Amino acid sequence: MTSSCDLELLVGNLRDARSIAVRIIADGPSCVRATLVGLVFSTAPRRARYVPLGHAGFGGGTALDREATIEALKGVLEDPAIAKVGHDLKADMVVLLRHGVTLRGLDIDTMLASYLIDATRSSQDLEPTVLEQLGYKALTQEEVCGKGVKALPFAQVPVDGLLDFAGERTDLAFQLAGHIAPLLVRDGLETIYRELELPLVPVLADLERVGVRVDAKALASQASLVDRELNDRSSAIFSMAGEEFNINSPKQLSEMLFDKLKLPVLKRTGATRTPSTAVEVLEELALGHDLPRLILEWRALAKLKGTYIDALPQLINPETGRVHTSFNQAVAATGRLSSSDPNLQNIPIRTEIGREIRRAFIAEPGCRLISADYSQIELRVLAHLSGDETLTAAFARGDDIHDQTALKVFGENSGLSPHELRRRAKIVNYALLYGKTAFTLAKDIGVSQQAAQEFIDAYFAGFPKVRGFIDRTLEEARQTGVVKTMFGRRRAVPEITSRNGQIRSAAERVAVNLPIQGTAADILKRAMIDVHAALAASFPNARMILTVHDELLFEAPAGEADTVAELVRDKMAHAVPLNVPLDVDVGVGETWKEAKS
DNA sequence: CTGGAAAGCGCC
DNA sequence: AAAGGGCGCTTTCCAG
């Protein structure tokens, strides 16, 4: 273990020693995620200003060691002139933030660089990336620390092994950086890396550190309510079925519905070809039998309870009273962020009972939550990218875009109610974004397949340049094997030339979707960086706490909530210049549910 | 007992 | 015959 004397020597020699390796156990199980930080200071002349950081999803060490070590290194870690290199710097940053250290001078994050080069890799983890880029088979944790180490309680993991593992990973990140940085330049990704992904790292680290307050009592009372509803339904289900079975088992359920009760098999599952019990199937069956409806209700409630109501309270950090999600910046193929442990990007909103869960997401006393979401951002991106005059003019006038689509697609004399018209038009709008076929569109809006095809044709006739945008995108994909967002984020679509029609069609949908979904993701990232800076400058007591694809959530003192909301609206609306306005809906409330309504 | 596949479903 | 882009989580079921 490094003594304080060694540390002084180390820090003193940082700029002129040939090579010094230090491995620090920096943290125990704590707020967001326990992490082992390893530092390797390599001061060979050409690289003298690089401090690579790595982590290994671990924690521990004695308080004395880590506090003394971090204190000694603080000046280096916080010096923006000393460039930092690592694999997943945000993970290190979150740990250091909890020790009062703000990591500055972020330079090469090999995870983010690798992600920009190929976002569709199955993993951006250090070891597989090193294997692919450097052809080096990295040692696993078990190989370094001994077999069975992962099963040990943290306190019993041998410290020496951890140090070696940290050092190994740190060194790998450093080597990888040298190889991968030129690839960013080769692929024209420097700008999006330097101006979007890298500046987002400290923003996300802040969001994770702050977390969101969750009301465990509110969830507990919802739990007992939902329990009663579940019991009522399962009793009814078993009495109708004539026996008890596990409703949650698709296998047992399918035996009950299709073997014992002889209901018609409408669809089979993908791999095993067993009769499907998916929601579309049960909805169809519910027209002729009472049982499927009850099963659907039971399933929805069980999902709510198991995934949210029971799970969330266990994830409240006792030190902060808040839930600290992890945002993953290197997973989604389109450039979106994802959230896990827990996923706070799939909290229910669609049904009233589900929406109740958002009452449990609350502001600190004396504070308010502010929700700000882009209105139809993907359709606006489509309008911009396609340059379609009808679409852009509709957005410029502030028309309701779904009503506009209804007019174009269904005409003025369809005989449908305005509400039904708008509902169908909304489905048509989003169907287009995702490449939905006439077959499924017909099912969704309850018309014949032929009628659905006529709606699709009418859409393209009404918004003529959208067809051109799709054709150009597909042509680019065929020519280059790659599609891009407005800001140069890329996604490879190698299957675009597949001779297999199904595979090729799937690739075409991916190719058309990427510029739309990916550009929307880029815009939100830009907005997050801008808003974060604006709040730090003008409202230091207001904090960004969540991001959900087209929405940002904030917590601010009640007295300034309205002002903060307007600042946020302005920054989001002007994050990037488009040839259509970006409208932002904002709301303030004591809970997430209130803020969204 | 653990890990992974499959089915299903919550969100944008 | 299949038939919508992007995620992450829970449960069941089975293999090792």
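All chains are named by letter (A, B, ...) in the order of the sequence lines, taking the proteins before the strands, and each is independently numbered beginning at 1. Owing to the predicted nature of the structure, the values given are computational and were not obtained by experimental measurement.
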| request: Find which nucleotide of DNA chain C each of Gln449(A) and Ala311(A) is nearest to by heavy atoms, and output the residue with the more 5' nucleotide. | output: Gln449(A)

| Touch check for Val512(A), heavy atoms < 4.0 angstrom, all strands: base, sugar-phosphate only, or nothing? | nothing

| OP1 or OP2 of dC13(C) less than 4.0 angstrom from a side-chain nitrogen or oxygen of Ser249(A), does that happen here? | yes

| request: Tell me the partner of dA1(C), counting only Watson-Crick (N1-N3 plus N6-O4 or O6-N4) or G-U wobble (N1-O2 and O6-N3) with both under 3.5 Å; none if nothing fits. | output: none

| said: Looking only at the aromatic ring of each residue, does the gap between the centers of Tyr459(A) and Phe455(A) stay below 6.0 angstrom? | reply: no

| field | Base-pairing mate for dC14(C) - Watson-Crick or G-U, with both contacts under 3.5 Å | value | dG3(B)

| field | Atom-to-atom span, CG of Leu344(A) to C1' of dC9(C) - whole angstrom | value | 12 Å

| query | Touch check for Asp444(A), heavy atoms < 4.0 angstrom, all strands: base, sugar-phosphate only, or nothing? | reply | base

| So what does Lys443(A) hit on the nucleic acid, given a heavy-atom distance under 4.0 Å: a base, only sugar-phosphate, or nothing? | nothing

| message | Pair Met572(A), Leu582(A) - check side-chain contact (heavy atoms from CB on, under 4.5 Å), show working. | response | CA-CA 8 Å; Met572(A) 287 175 73; Leu582(A) 279 173; over 6 Å; no

| Between dG4(C) atom P and Gln502(A) atom CD, what is the distance in whole Å? | 11 Å

| How would nucleotides 7-12 of chain B be written as a contact map, 5' to 3', with B for base contact, S for sugar-phosphate-only contact and - for no contact, using protein heavy atoms under 4.0 Å? | SBBBSB

| said: What contact category does Arg355(A) fall into here, base, sugar-phosphate, or nothing, at under 4.0 angstrom with non-hydrogen atoms? | reply: nothing

| query | Taking the side chain from Thr519(A) and the backbone from Ile516(A), do they hold a donor-acceptor pair closer than 3.5 Å? | reply | no

| query | Under 4.0 Å: is that the gap between some side-chain N or O of Arg509(A) and OP1 or OP2 of dG5(C)? | reply | yes

| query | For the pair made of CG in Asn328(A) and P in dG6(C), what is the distance, rounded to whole Å? | reply | 16 Å

| query | To the nearest angstrom, how far is Arg268(A) atom CZ from dA1(C) atom P? | reply | 12 Å

| query | Is the count of non-hydrogen atoms from other residues, nucleotides or ligands lying under 6.0 Å from Lys436(A) atom NZ greater than 12? | reply | yes

| query | When the distance from CZ of Phe327(A) to P of dG8(C) is rounded to whole Å, what number comes out? | reply | 12 Å

| said: Among dG5(C), dA3(C), dA2(C), which nucleotide has an atom closest to any side-chain atom of Phe439(A)? | reply: dA3(C)

| request: Using whole Å, report how far CG of Leu315(A) lies from C1' of dG8(C). | output: 13 Å

| query | With respect to the phosphate group of dG8(C), does any side-chain polar atom (N or O) of Ser340(A) fall under 4.0 Å of OP1 or OP2? | reply | no

| said: If you compare every side-chain N and O of Lys267(A) against the phosphate oxygens of dA3(C) (OP1, OP2), does one of them come in below 4.0 Å? | reply: no

| Counting any heavy atom closer than 4.0 Å, what does Ala438(A) reach on the DNA or RNA strands: base, sugar-phosphate only, or nothing? | nothing

| query | Taking atom P of dG6(C) as reference, at what distance in whole Å does atom NZ of Lys436(A) sit? | reply | 15 Å

| What does Asn246(A) touch in the nucleic acid at a heavy-atom separation under 4.0 angstrom: a base, only the sugar-phosphate, or nothing? | sugar-phosphate

| said: Check the phosphate of dG4(C) against Thr437(A), side-chain N and O only, distance under 4.0 Å to OP1 or OP2. Yes or no? | reply: yes

| Atom pair distance, as rounded to whole Å: NZ in Lys251(A) and P in dT10(C) | 23 Å

| Crowded around Lys408(A) NZ? As in, over 12 foreign heavy atoms under 6.0 Å? | no

| query | Counting distance only, does the side-chain N/O of Arg322(A) pair as donor-acceptor with the main-chain N or O of Val210(A) below 3.5 Å? | reply | yes

